[in-house]
Structure formats: C-alpha cells, structure tokens
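Everything on this sheet refers to the single structure shown next.
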Amino acid sequence: MENQPKMFCYQCQETAKGKGCELMGVCGKHAETSARMDLLLYAVRGISAINRALREKGLASREASHEVIDALFTTITNANFDDASLDDFIRRAFDVKKRLIETAKDNGVALPDLPQIEFFATPEEADKYEAVTGVLSEPDADVRGLKQLAIYGCKGMAAYARHAANLGYEDDGVYAVIEDAMAETARTDIGVDELLPLVLKVGGGGVEVMALLDKANTESYGNPEITKVDIGVRNRPGILISGHDLKDLEELLEQTKDKGVDVYTHSEMLPGQYYPAFKKYPHFAGNYGNAWWKQTDEFEKFNGVFLFTSNCIVPPRRNCTYMDRVYTTGVVGMPGTHHIKEGRDGKPKDFSELIAHAQKCPPPTEIEHGEIVGGFAHHQVIELAPKIIDLINRGKIRKFVVMAGCDGRFPSRDYYTKFAEALPEDCVILTAGCAKYRYNKLPLGDIEGVPRVLDAGQCNDSYSLVRIALALKDAFKVESINDLPIVFNIAWYEQKAVIVLLALLSLGVQNIHTGPTLPAFFTPDILKILQDKFNIGTISSVEDDIATLINNK
C-alpha cells in the first residue's frame with residue numbers, strides 16, 4: 001500500500017521525529033537493510049524457542065546460542081550496514097534452525113506452535129515478509145513496546161556476552177535468559193502483565209552478563225588502574241582502534257610490535273588504556289578524538305588506518321577520503337570497507353593486511369593535546385573507599401552523580417556538558433560509556449585529590465558503578481542504594497544503554513533521570529507503569545534538574 005512505511009525502526013534515541021524511522025534510518029540504515037534485520041530477528045526468535053525446549057531436556061546447542069547473540073549484536077544500532085553480511089547471517093540462522101528442529105524431532109522434544117519455528121525465507125525475499133517479521137507486525141502498541149524493550153535489552157546482553165565469549169568466558173544461564181525472552185516475544189497471546197516481569201528478568205540477566213564480562217576483562221588483563229592518557233599524537237603512522245572488544249585490541253597490539261606503527265584508541269576503546277596488561281606495549285599511544293558521532297570529521301585528520309571491533313561505525317560522507325582505510329571485524333559490516341575474518345582453530349585474527357596498509361600512511365594530524373584521567377573501575381575506587389568515606393563524612397563530597405551511558409549528535413545533548421559545569425563543587429560524577437566525552441575534558445578539578453569525574457570505563461563498566469554503590473551501601477550500613485547520596489542522570493542512545501537501564505531497575509534503583517528524550521517505544525501506559533514503580537523520568541532544564549537531583553527541591 002502507498003501509505004505503508006518502507007521500514008519501521010525506533011530502537012535508538014535519535015529515531016525520526018521521536019516516533020520511528022519509516023523511510024531510512026537516521027543512523028544511515030536503508031529500508032532494505034532494516035528488512036533483513038527484521039527477518040534475521042524473526043529467525044532468532046524461532047532458534048531461541050527451539051533451543052529453550054532443548055535446554056529443558058539438557059540438549060541445548062551452544063552453536064545456536066552463539067548464533068543468537070551474534071545476530072542480536074549485528075542488528076544493534078551502528079553495527080552492520082552491509083546487506084551481503086546480513087544475508088550470510090540470515091542463511092546461517094535458518095540453517096541452524098533446521099538442524100535444531102531435526103535434533104528436537106530425533107529426541108522427541110515437543111516444540112511450541114510458533115510461526116517463527118517452521119517459517120523459512122531467503123534474504124532476497126526479506127521485503128516480502130516485512131509485514132510478518134517487522135516491528136509493526138505486533139498491532140498493540142503497549143505489547144509491542146514491551147516486547148521491543150525486552151528485545152533491545154537482549155541486544156545489549158548479546159553484545160556483552162560476545163565480548164566475554166571472545167575471551168573464553170561463557171555462562172549458559174545468560175544464554176538462557178536471552179533465549180527465553182526472545183521466545184516469549186514470539187508469542188501472540190502474551191500480554192502486558194507477563195511482559196513486565198520478563199523485562200525485569202532481562203535486566204537481571206544484564207547484571208549477570210556485565211559481571212561475567214567484568215570477570216573476563218579483569219582476569220585477562222588485570223584491574224583497571226588510575227591512568228593519565230595522552231590525547232596528542234606521535235610522529236609515526238597510526239592505527240585507530242574503535243569499538244569495545246579488548247581481545248581484538250590485544251591481538252592487534254601483539255601483531256604490531258616492532259612494525260613501526262602506533263596504536264591509538266578511539267571512543268569506547270579509550271578504557272583499554274587503563275588495563276595493566278596493555279601498558280607493556282611501547283607503541284600503544286594515546287586516545288585520538290572523541291565520541292563515535294564525530295568520526296566523520298576526525299577520521300579525515302587521522303591519516304592512518306581504522307579498525308572497528310564492534311558497533312559505533314558511522315556511514316561516511318560522500319566526499320570521504322578515508323573509506324579505503326577502514327577495516328571491520330566481528331559483527332561489524334560496512335560496504336566499501338575491508339573485513340577481517342575470525343581466526344581458525346583458535347588462532348588469532350590476521351591483521352597483517354591492515355598493518356601493511358598502515359605502514360604506508362603518514363602520521364596523524366594532531367587535533368588536541370593534553371591528558372585525560374580514567375581508570376576508576378570498582379577495584380580502584382574501592383581501594384580509595386576510606387578516603388571517599390572520609391570526604392563524605394566531612395561534607396567535602398555531598399553527592400555522587402551517575403552520568404553513564406551514550407553520547408549522540410543531537411544539539412540537545414549539550415545539556416550534559418552544561419549540567420556537569422553547573423554541578424556544585426562538592427559533587428562527583430561517576431561515568432561509564434561514551435557519554436563521558438561531554439565532560440571528561442572539562443577543567444572540573446578534584447576534591448582533595450579525588451577527581452570530580454571518575455571514569456569507570458566502557459558502557460558495560462556501568463557494572464562497576466553498581467559495585468561501587470553496593471560497597472558504599474555496606475560501608476554506610478543503609479538498606480538500599482536509594483538511601484545513598486547517589487543520583488542518576490543517564491544519557492542513552494542505543495540498546496546497550498537499554499540493558500544498563502534494565503539492570504539498574506532490576507536492582508530496585510529508583511528516581512533515574514534519562515534523556516535527552518525518553519524512548520519512542522515507551523508508550524504513555526508503559527511510562528506510567530515505570531514511573532509508578534521506579535519513578536523514572538526524563539531530563540528537563542539544567543537549573544531544574546540541579547534543584548531536584550542535587551538540592552532536593
């Protein structure tokens with residue numbers, strides 16, 4: 001029909017008109033790409049339902065779980081724009097589903113009556129099935145919103161589960177939460193009353209997967225430590241590594257030893273600078289640039305080669321000069337880039353082509369200079385706990401303000417810079433995620449040696465902020481986190497921020513402010529439920545929010 005949207009997606013904060021992208025994604029995703037993602041997720045619901053049934057009989061497939069998390073991860077905002085790559089995911093998903101059905105039949109395992117189990121299609125037919133597979137295939141807005149909230153939370157969980165698995169850390173309990181939620185969202189008879197506890201169960205899974213990834217990172221590379229990071233440049237060719245995957249960072253650093261090139265971090269890879277294991281590499285330079293959305297400008301000046309290890313890649317401008325120097329890996333896809341495949345038989349990925357390319361490039365052009373300080377994950381902050389508790393008791397620290405989450409390109413996000421600047425000098429910011437770039441270079445000073453911006457790391461390191469809060473709860477002998485001098489003013493952009501929010505709600509955290517706008521999938525009824533249960537709200541003005549959050553007015 002003529003009035004039917006070409007696509008429908010409202011999974012990120014920047015969705016068109018605050019309602020949903022219907023012609024093309026604000027992120028740059030084309031309608032044909034969106035249809036492929038919808039078909040892939042439709043298949044994933046079927047895989048999840050079958051594997052859940054097999055799991056109950058002790059027959060769950062780890063291969064299927066991997067297919068589920070990778071499919072969810074590759075459909076996250078700003079991860080995969082490549083139709084050919086998505087076609088491969090779709091074919092693989094349907095192959096996995098067929099094998100699972102055969103396993104179930106061979107073992108007498110009854111399967112639920114869901115169309116996602118028996119339905120098969122090819123990538124080339126994705127557009128034909130949009131009415132069946134797309135977001136709008138669920139007619140009830142409240143049910144649709146809660147289903148998508150659960151699915152988006154699962155996407156965030158999947159990202160963190162994949163990073164942990166890359167380091168050899170897996171938890172079938174995490175896979176079970178994801179597959180259960182995806183299977184439940186396939187049901188046509190599920191209502192709001194069942195979906196609300198399901199969403200919170202996903203949040204509980206978020207806590208578990210972030211704990212798993214924290215364990216994987218720290219046992220592999222040591223506990224992050226207070227680190228001064230150079231934001232200038234050196235005089236050799238450079239490789240700029242972006243995304244979140246620390247295993248890729250390790251393998252790249254190892255393979256670039258004595259090759260005459262330096263490795264710089266970008267955006268969410270900045271926290272890689274805080275891990276002791278990476279400091280042994282003399283060619284591990286500083287951090288170049290800012291949050292993900294500035295890459296189309298900043299990459300023009302870097303002059304070297306780029307490696308994207310996870311989401312946060314942005315389609316380049318038409319007159320872009322750096323596209324041939326972009327390499328992707330894992331779930332990332334972008335037409336016109338070079339893709340580095342997984343290593344075989346347990347071997348590392350082969351970065352030799354990328355390194356040879358980098359060696360031919362001129363050094364980066366400096367865009368700023370100086371230092372930024374980070375490394376305040378839970379282990380480091382808990383070591384500082386006696387000093388912090390003393391500062392609180394003496395009235396030197398009045399409040400901690402959790403400003404974790406995502407950054408984005410909309411002008412309204414200047415709010416977070418202005419909010420940080422307006423905070424009274426006895427307030428300390430706890431941050432994680434790329435939201436930090438709105439204020440981590442401001443001259444906010446310190447409180448008797450404790451910086452007023454404590455950067456715990458990547459978005460998944462929001463778990464560190466929970467660990468810090470729980471340690472303070474025990475130290476002050478209060479009943480809950482809500483009794484501490486901690487307030488939450490969180491920015492969101494995509495689905496990893498969604499799982500962080502759901503994780504906090506599952507822990508009973510109240511009074512969270514989020515912005516710059518509320519998710520489009522929060523219908524008025526869903527928002528009312530969350531407000532009644534958790535007093536969740538959105539930002540307003542800097543002045544009003546300082547009065548509410550800091551001055552208790």
Side-chain angles (χ1 to χ4, degrees), residues 10-21 26-27 77-78 145 148-149 152-153 156 199 203 206 268 290-294 312 399-423 427 429-440 442 453 455 459 462 465 486-505 509-524 526-553:
Y10 61 0
Q11 69 177 359
C12 85
Q13 187 270 325
E14 294 182 355
T15 195
K17 301 179 182 179
K19 296 179 180 179
C21 295
V26 172
C27 65
T77 303
N78 284 352
Q148 295 305 314
L149 181 56
Y152 300 156
V199 164
E268 280 273 65
N290 295 276
W292 61 273
W293 62 276
K294 290 190 174 182
C312 297
K399 288 216 173 147
F400 290 96
V401 186
V402 176
M403 293 178 68
C406 313
D407 196 14
R409 68 198 118 200
F410 278 19
S412 57
R413 288 180 181 267
D414 286 346
Y415 161 91
Y416 294 100
T417 302
K418 294 174 181 177
F419 185 88
E421 291 174 326
L423 280 173
C427 293
I429 295 171
L430 298 174
T431 191
C434 63
K436 68 170 70 73
Y437 285 101
R438 286 287 171 175
Y439 39 78
N440 68 341
L442 296 176
V453 177
D455 175 18
C459 49
S462 297
L465 306 182
I486 298 177
V487 295
F488 295 81
N489 195 7
I490 297 173
W492 85 284
Y493 176 74
E494 44 81 53
Q495 298 83 68
K496 287 186 289 184
V498 171
I499 191 56
V500 171
L501 173 64
L502 295 184
L504 292 173
L505 296 182
V509 176
Q510 299 278 326
N511 307 313
I512 297 172
H513 282 220
T514 188
T517 58
L518 287 171
F521 44 88
F522 280 10
T523 64
I526 293 173
L527 180 58
K528 185 177 187 306
I529 291 169
L530 294 175
Q531 287 174 329
D532 290 346
K533 189 173 180 64
F534 300 103
N535 198 29
I536 192 171
T538 191
I539 62 172
S540 56
S541 68
V542 169
E543 295 75 16
D544 288 348
D545 290 343
I546 291 286
T548 301
L549 295 171
I550 308 303
N551 299 325
N552 300 320
K553 291 183 180 179

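Nothing here was measured: the structure is a model prediction, and the numbers come from that model.
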Original post:
So, Thr431 side chain and Asp455 main chain: donor-acceptor pair closer than 3.5 Å or not?
Top reply: no
Original post:
Between the side chain of Gln495 and the main-chain N/O of Gln11, is any donor-acceptor distance below 3.5 Å?
Top reply: yes
**OP:** Report yes if some heavy atom in the side chain of Val401 is under 4.5 Å from a heavy atom in the side chain of Leu549; otherwise report no.
**Re:** no
Subject >> Separation of Lys436 NZ from Cys406 SG (nearest 0.5 Å) >> reply: 10.5 Å
Original post:
Does the side chain of Trp293 come under 3.5 Å of the side chain of Asp407 through a donor N or O and an acceptor N or O?
Top reply: yes
Subject >> Euclidean distance, His513 NE2 relative to Thr538 OG1, rounded to 0.5 Å >> reply: 8.5 Å
Original post:
Can you tell if the side chain of Gln13 reaches within under 4.5 Å of the side chain of Arg413, non-hydrogen atoms only?
Top reply: yes
**OP:** Side-chain contact test, heavy atoms from C-beta onward, threshold under 4.5 Å: evaluate it for Ile490 versus Leu501 and give yes or no.
**Re:** no
Subject >> Least distance between heavy atoms, Trp492 atom then Ala497 atom >> reply: CB-CB, 3.8 Å
**OP:** For the pair Thr15 (side chain) and Cys12 (backbone), establish whether a donor and an acceptor sit closer than 3.5 Å, ignoring hydrogens and angles.
**Re:** no
Subject >> Test item: Phe534 and Leu504 side chains (from C-beta on) under 4.5 Å apart, heavy atoms >> reply: no
Original post:
Under 3.5 Å, side chain of Arg409 to main-chain N/O of Trp292, donor-acceptor pair present?
Top reply: no
**OP:** Would you tell me whether Lys399 and Asn552 have side-chain atoms, one donor and one acceptor, within less than 3.5 Å of each other?
**Re:** yes
Original post:
With distance as the sole criterion, is a donor-acceptor pair present between the side chains of Asp545 and Tyr415 under 3.5 Å?
Top reply: yes
Original post:
Salt bridge check: are Asp532 and Lys528 linked by an N-O gap of less than 4.0 Å?
Top reply: yes
Subject >> Check: Tyr439 ring centre within less than 6.0 Å of Phe419 ring centre >> reply: no
Subject >> Euclidean distance, Lys496 NZ relative to Cys312 SG, rounded to 0.5 Å >> reply: 5.5 Å
Subject >> side chain to side chain contact (heavy atoms under 4.5 Å, CB included) between Val487 and Asn511, worked out >> reply: CA-CA 8 Å; Val487 295; Asn511 307 313; over 6 Å; no
